[in-house]
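This report concerns only the one structure given below.
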Amino acid sequence: MELPDDHRALYQAFLDQGLTTWLAKLPEQLARGLDRQRHGDLPAWEKAVAKLPALPAERHVQLDSDTLTVELALSDSQQRQCFNLLRKLAPWRKGPFQLGGIHIDTEWRSDWKWQRVAPHLAPLRYRKVLDVGGGSGYHAWRMTGTGAAFVLVIDPSPRFYWQFQAVRHFVGDADGGRTQFLPVGIEDVPENLGFFDTVFSMGVLYHRPSPLEHLQQLKAALAPGGELVLETLVVEGDR
Ligand SMILES: C[S@@+](CC[C@H](N)C(=O)[O-])C[C@H]1O[C@@H](n2cnc3c(N)ncnc32)[C@H](O)[C@@H]1O
């Protein structure tokens with residue numbers, strides 16, 4: 001497989017979207033986010049994705065289904081090889097996925113959250129979307145599947161970055177490159193970006209040392225009139 005070493009698709013997407021100020025920061029942000037010193041297993045994740053075999057071009061990709069599914073014909077040995085490589089990226093927290101007949105039974109049923117959230121959203125069709133703390137990218141693929149023009153996941157976890165790249169290997173260019181992942185945190189989004197039509201922050205607010213600052217950062221990433229989708233734990237009552 002071609003490794004996303006040169007991050008060509010990511011750079012191209014930023015160029016196409018006119019995100020030029022942020023584009024200039026990408027080399028440093030990618031180098032920092034994927035620095036092998038960050039986690040002892042990082043080289044193994046990188047290698048596992050690089051070793052995924054070339055896949056048949058003919059495939060059926062369902063991004064907007066509860067189990068993100070890529071149907072393609074794999075030989076038994078290819079399937080075994082993919083299974084062993086995908087297992088090196090475990091734990092798989094957010095999903096589920098079905099990739100070339102391999103079911104990834106993730107720790108969380110992220111489709112359940114999506115079912116609760118989706119009815120309340122302004123339609124995502126043609127929108128530019130930021131998913132802050134998007135984990136493996138499961139929800140981002142769902143957003144692309146409903147017609148978003150551009151979906152960017154930011155999440156500082158390098159494991160999730162490599163899980164996303166593994167799924168990308170199966171999805172191929174079925175999404176037209178509209179779904180991208182940058183391994184950084186919300187604090188790395190350029191100030192006062194004012195760009196995204198919808199910004200998601202799901203399951204992140206209560207992790208942030210300053211929830212109010214998090215809200216301000218989310219607002220600053222939104223275009224005027226954009227929609228913030230904030231999903232978080234709440235404490236019942238009026239205290
Ligand atoms: C509870 S998970 C929620 C994942 C997903 N959004 C969901 O709703 O299922 C919180 C995520 O926030 C990410 N995260 C942690 N610090 C972050 C930061 N500074 N900026 C953005 N994301 C962050 C974590 O890596 C993790 O993937």
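Every number for a ligand or one of its atoms is a count from 1 in the order of the listing. Small disclaimer: the values here were computed from a predicted structure and weren't measured.
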*Any Arg93 heavy atom less than 4.0 Å to ligand 1*: no
*Any chance the side chains of Gln29 and Trp22 put a donor and an acceptor closer than 3.5 Å?*
yes
*Of Phe97, Phe170, Phe164, Phe181, which meets ring pair (Phe, Tyr, Trp, His ring centres under 6.0 Å) against Trp141?*
Phe164
*Measure the distance from atom 27 (O) of ligand 1 to every protein heavy atom, then report the residue, atom name and distance (to 0.1 Å) of the closest one.*
Asp155 OD2, 2.6 Å
*Who gets closest to atom 22 (N) of ligand 1 by heavy atom: Gly135, Pro183, Gly133?*
Gly133
*Using heavy atoms and a threshold below 4.0 Å, how should the contact between Phe160 and ligand 1 be classified: side chain, backbone, both, or neither?*
side chain
*List the closest protein heavy-atom neighbour of atom 9 (O) of ligand 1: residue, atom name, distance to the nearest 0.1 Å.*
Lys94 NZ, 3.3 Å
*For Val204, take its heavy atoms, then give the atoms of ligand 1 lying under 4.0 Å from any of them.*
12 (O)
*Kindly compute the distance separating CZ (Arg142) from CG (Leu68), expressed to the nearest 0.5 Å.*
8.0 Å
*Among protein heavy atoms, which sits nearest to atom 8 (O) of ligand 1, and what does the distance come to when rounded to 0.1 Å?*
Lys113 NZ, 2.6 Å
*With rounding to the nearest 0.5 Å, note down the distance linking CG in Leu26 to CZ in Phe14.*
5.0 Å
*ligand 1 atoms in contact with His207 (distance to a heavy atom under 4.0 Å)*: 1 (C), 10 (C)
*Distance from Arg93 atom CZ to Thr106 atom OG1, nearest 0.5 Å?*
11.0 Å
*Considering only protein heavy atoms, which is closest to atom 20 (N) of ligand 1, and at what distance to one decimal place?*
Ile186 N, 3.0 Å
*Which ligand 1 atoms does Arg208 reach within 4.0 Å, using its non-hydrogen atoms?*
18 (C), 19 (N)
*asked:* Please compare Gly185, Ala140, Pro156 and report which has the shortest non-hydrogen distance to atom 17 (C) of ligand 1.
replied: Pro156
*Give the residue and atom name of whichever protein heavy atom lies nearest to atom 3 (C) of ligand 1, and the separation in Å to one decimal.*
Met202 O, 3.4 Å
_Quick test of your reading of the model: are Lys88 and Asp41 salt-bridged, counting only N-O distances below 4.0 Å?_
no
*State, with a plain yes or no, whether a side-chain heavy atom of Glu58 is found less than 4.5 Å away from one of Leu72.*
no
_Out of all atoms in ligand 1, which are within 4.0 Å of some heavy atom of Gly203? Include the element for each._
1 (C), 2 (S), 3 (C), 10 (C)
*Within 45° of the ring axis of Phe195 and under 6.0 Å from its six-membered ring centre, is that where the NZ or CZ of Lys128 lies?*
yes
*Hey, does the side chain of Gln163 reach the backbone of Leu89 with a donor-acceptor pair shorter than 3.5 angstrom?*
yes
*With only distance considered, is Glu187 within less than 3.5 Å of ligand 1 through an N or O on each side?*
yes
